[in-house]
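Taking it in order: structure first as structure tokens, then the write-up.
Numbers restart at 1 for each chain; the letters A, B, ... are given by sequence-line order, proteins then strands.
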Amino acid sequence: MAGPETSPAEAILEVENVSLRFGGVQALSEVSFDVQSGEVRAIIGPNGAGKSSMLNVINGFYHPQEGSITFKGVTRRRMRTHEAAAQGIARTFQNIALFRGMTTLDNIMTGRNLKMKRNFLLQALYLGPARREEMEHREFAERVIDFLEIQAIRKTPVSRLPYGLQKRVELGRALAAEPDMLLLDEPMAGMNTEEKEDMCRFILDVNGEFGTTVVLIEHDMGVVMDISDRVVVLDYGRLLADGTPDEVRRNPLVIDAYLGTVRD
Amino acid sequence: MFYREAGQFKSGYAADQAMFPIPQDRYVVIAIVAFAFLGVPLIANEYWLQAILIPFLVFSMAAIGLNLLTGYAGQLSLGTGGFMAVGGYMTYKFTTFWPELNIVACFLLSGLCAAGVGVLFGIPSLRIKGFYLAVATLAAQFFLVWTFNKVPWFYNYNPSGTVTAPPRTIFGTMFTGPEASAPARYLLALSIVVVFAFAAKNLVRGRVGRSWMAIRDMDIAAEIIGFRPFQTKLLAFAISSFYCGVAGAMSLFLWLGSVETEAYGIDISFQVLFMVIIGGLGSILGSFLGAAFITLMPILLTNAPQFFGFSMASDLQKHIELMIFGGLIIFFLIAEPHGLARLWQIAKEKLRRWPFPY
């Protein structure tokens, strides 16, 4: 998992004035923030605040009506999701989006697809280069499996796995792509404390050891405040606050959004 | 007791990624292929080869093709008969236009033609899915059969409208045409099916297969991790149609010898689809099991009454046969919706612990 070559202080992603509408619904309005290379950036906000929409904009699944996204110095308005993947953005989903008919190993191997170049004729014959390529990537997939401690379920179809492990396999699939930036949509949702602690450890290890930039959405405030370097707060599609966990925690606007305002 | 993995340790990824990682599987497959090549031609009579084994091979080939598309890539298709027709008629055109060309080369060329046609009719798959795509491929079925019926060029202006396999030899042995012996035709069909079944197995366990299954299981996630849906689906259509095209060519040249377009009609498409569903979607072995079930079961039912000493009117027998056949299909789908291949897999898991299930 090669780390990004850029220096840590540089912004790997800049979101400028992004607005997104679905018909009459304003999902995001004029949101701007940046993500520094190598940091853990959290996006928080109440339900329906536009957090997932924001991730979908970043990886090209939604196309904002206004604004621009600059990733690694390349600005784009419209882009297909597989192009975002080729640029080095990987993600996981709020509702697990694994390939249910495949084993854990195969799911993780799909994450390697952009690195595999041999054409289908060589693969059909399974000769020389195609075979070597398959082995090289198997080796990398095994490193991801070791890292996530899921060796025992390598050959198990993912549909048979419990929820917590499915979340872990999904992270593995994203890591297998060796992304520069990892988008995690509620990685701890529905997990018990122990599973959450494991997941936090994996996220911090990925960030610390491989220098992968992490952008995550999470509802567990304890987790967010503990592991993130900076936090973006969205509410009703607007940027409410942006800063370190401590700054955000003390921000009266954020407290109002979460706890409601006392009107007197 | 005999089928046990305990104590089998792999010392490398190559061994673990092998096509049949369990030695017992490997030996059984080698034994079956060896028997099919060496044993069967010696012991099987003309009837067995012509009425059972050659059609089984032809349909296995088509079922593998459809399984790649429907079982692995998740694109429902009812155009199998049409793509087979492309294979059959184009081989006829190639070999009559260019008689010196090796007949196997003609098969492969016509497979490429079928692949091209498949890609063309696969283009709607980018926008439509499931039943709607099935209807779009149904258009391919009717359009292709209609074309081969109405354009005399395809059957070389033969007034009867039929195409007949001309005699062709490979290394001095006659493999097609009325003079070709059943064992020769069987062996050629077997060789083609074995080679392409292994190729299909290789494809589905590599990157291409994973891209198809990813698109099948969750197309949005597949695109987000970098698969290109359009290319992936079109490649599935191309390769699937190639297999169906070669199956169509085998059907004309190695099995029937002389066909009209009815031989590639809609009922063939449905038959192959049933084979894939009954055999097991997403399984190469399932394609063979399904083809065996659909081609062998009617023959078994035909012969069963005599075997038990009953005799009945032949039309009554025919009808009972159809009813039993339909009933069996429904029974299998209820008992195991994932097909015969899944039954086999369950049996293997049981065998692993037999005779001490706890």
Mark yes or no: Arg138(A) above the aromatic ring of Phe140(A), with NZ or CZ under 6.0 Å from the six-membered ring centre and no more than 45 degrees from the axis.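 Geometry flag: not set, cation outside 6.0 Å or 45°.
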Cation over ring face, Arg91(A) and Phe61(A), 6.0 Å, 45°: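 Verdict for Phe61(A): no cation-pi partner in Arg91(A).
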Name the option with the most non-hydrogen atom pairs under 4.5 Å to chain B; the candidates are Leu114(A), Asn107(A), Thr110(A).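 The option with the most such pairs is Thr110(A).
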Less than 4.5 Å to any heavy atom of chain A: does that hold for the side chain of Ile215(B), its backbone, both, or neither?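 For Ile215(B), there is no contact with chain A at all, as no heavy atom is under 4.5 Å.
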Ring centroid separation for Phe210(A) and Phe147(A), is it under 6.0 angstrom?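 Between Phe210(A) and Phe147(A), the centre distance is under 6.0 Å.
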For the ring pair Tyr62(A) and Phe22(A), is the centre-to-centre distance below 6.0 Å?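 Ring-ring flag for Tyr62(A)/Phe22(A): true, centres closer than 6.0 Å.
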Is a donor on one side and an acceptor on the other found under 3.5 Å between the side chain of Ser287(B) and the backbone of Ser283(B)?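 Yes: the side chain of Ser287(B) pairs with the backbone of Ser283(B).
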Looking at Leu98(A), is its backbone amide N or carbonyl O close enough to the side chain of Asp217(B) to form a donor-acceptor pair, meaning the two atoms are under 3.5 Å apart?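 Side chain of Asp217(B) to backbone of Leu98(A), a donor-acceptor pair under 3.5 Å: no, none is there.
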Under 4.5 Å from any heavy atom of chain B - which part of [X]:
| X | value |
| --- | --- |
| Arg112(A) | neither |
| Glu139(A) | both |
| Asn59(A) | side chain |

Among Val208(B), Ile239(B), Ile224(B), which has the most heavy-atom pairs under 4.5 Å with chain A?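 Result: the option with the highest number of such pairs is Ile224(B).
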Give the intermediate values and the outcome of salt bridge (Lys or Arg N to Asp or Glu O under 4.0 Å) for residues Arg154(A) and Glu142(A). CA-CA 9 Å; Arg154(A) 184 190 277 131; Glu142(A) 289 292 340; 2.9 Å; yes
List the residues meeting side-chain hydrogen bond (donor to acceptor under 3.5 Å, both in side chains) with Asn102(B), not counting sequence neighbours, and say none if there are none.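 In terms of side-chain hydrogen bond (donor to acceptor under 3.5 Å, both in side chains), with neighbours along the sequence ignored, Asn102(B) is linked to no residue.
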State which residue, out of Cys113(B), Ser240(B), Ser77(B), fulfils the side chain to side chain contact (heavy atoms under 4.5 Å, CB included) condition with Phe83(B).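 Exactly one option meets the side chain to side chain contact (heavy atoms under 4.5 Å, CB included) with Phe83(B), and it is Ser77(B).
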May I ask you to list the residues in residues 193-206 of chain B that approach chain A closer than 4.5 angstrom, counting heavy atoms only, ordered by number?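 Within residues 193-206 of chain B, the residues under 4.5 Å from chain A are Phe198(B), Ala199(B), Asn202(B), Leu203(B), Arg205(B), Gly206(B).
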